[in-house]
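Structure record follows, encoded as structure tokens.
Quick caveat: nothing in here was measured; it's all calculated off a predicted structure. Residue numbers count from 1 along this sequence.
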Amino acid sequence: HGIADEIGAEDVMSALMRARATVRSHQDLLDAAARSEREEARELMRTLLFDLAQADGERNAAERRILDAVTRIWARASAAD
């Protein structure tokens, strides 16, 4: 039972479109990651980010830095819980 099941596919797509409109920079992405509190939301974001980074067959250095930064943010948040 994931967040997509809880809120429905249509609402997930709506949330993704809102995120696309508001997350314009790497810092915006890191700020959004820091604001996410639910583990289910983090897991959905993690899956999307890793899938997008891998879409062209390999992750470049910039993608690895972003993924590493997001992972560190969530690790700190989990440790604080």
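The structure places CZ of R59 at 14.0 Å from CZ of R65, a figure rounded to the nearest 0.5 Å. Rounding to the nearest 0.5 Å gives a distance of 6.5 Å between CG of L16 and CG of L44. S78 OG to E39 CD: the interatomic distance, rounded to the nearest 0.5 Å, is 5.5 Å.
Linking Ile, Leu, Val, Met, Phe, Trp and Tyr whenever their side-chain heavy atoms come within less than 4.5 Å puts L48 and M13 in one cluster. Taken together through direct or relayed side-chain contacts under 4.5 Å among Ile, Leu, Val, Met, Phe, Trp and Tyr, L30 and M45 form part of one hydrophobic cluster.
For the pair D31/V23, no side-chain contact is recorded, criterion being any heavy-atom separation below 4.5 Å from C-beta on. Residues L49 and I66 have side chains not in contact (no heavy-atom distance under 4.5 Å, counting atoms from C-beta outward).
A pairwise comparison of heavy atoms in A77 and R42 identifies CB-NH2, 3.3 Å as the closest pair.
Checked against side-chain hydrogen bond (donor to acceptor under 3.5 Å, both in side chains), R24 has no partners two or more places apart in sequence or in another chain. Every residue two or more places apart in sequence or in another chain was checked for a side-chain hydrogen bond (donor to acceptor under 3.5 Å, both in side chains) with E37, and none qualifies. R38 is linked by a salt bridge (Lys or Arg N to Asp or Glu O under 4.0 Å) to E6, E40, counting only residues two or more places apart in sequence or in another chain. Among residues two or more places apart in sequence or in another chain, the side-chain hydrogen bond (donor to acceptor under 3.5 Å, both in side chains) test is passed with T47 by none. Contacts of E43 classified as side-chain hydrogen bond (donor to acceptor under 3.5 Å, both in side chains), with partners at least two apart in sequence or in another chain: R46.
Sequence neighbours left out, the pairs with a member in residues 10-23 that pass side chain to side chain donor-acceptor pair (under 3.5 Å) are S14-R18.
W74 places a side-chain N or O within 3.5 Å of a backbone atom of A33 that can act as its donor or acceptor partner. Remark: side-chain polar atoms of E63 are paired, donor with acceptor, to backbone N or O of N60 under 3.5 angstrom.
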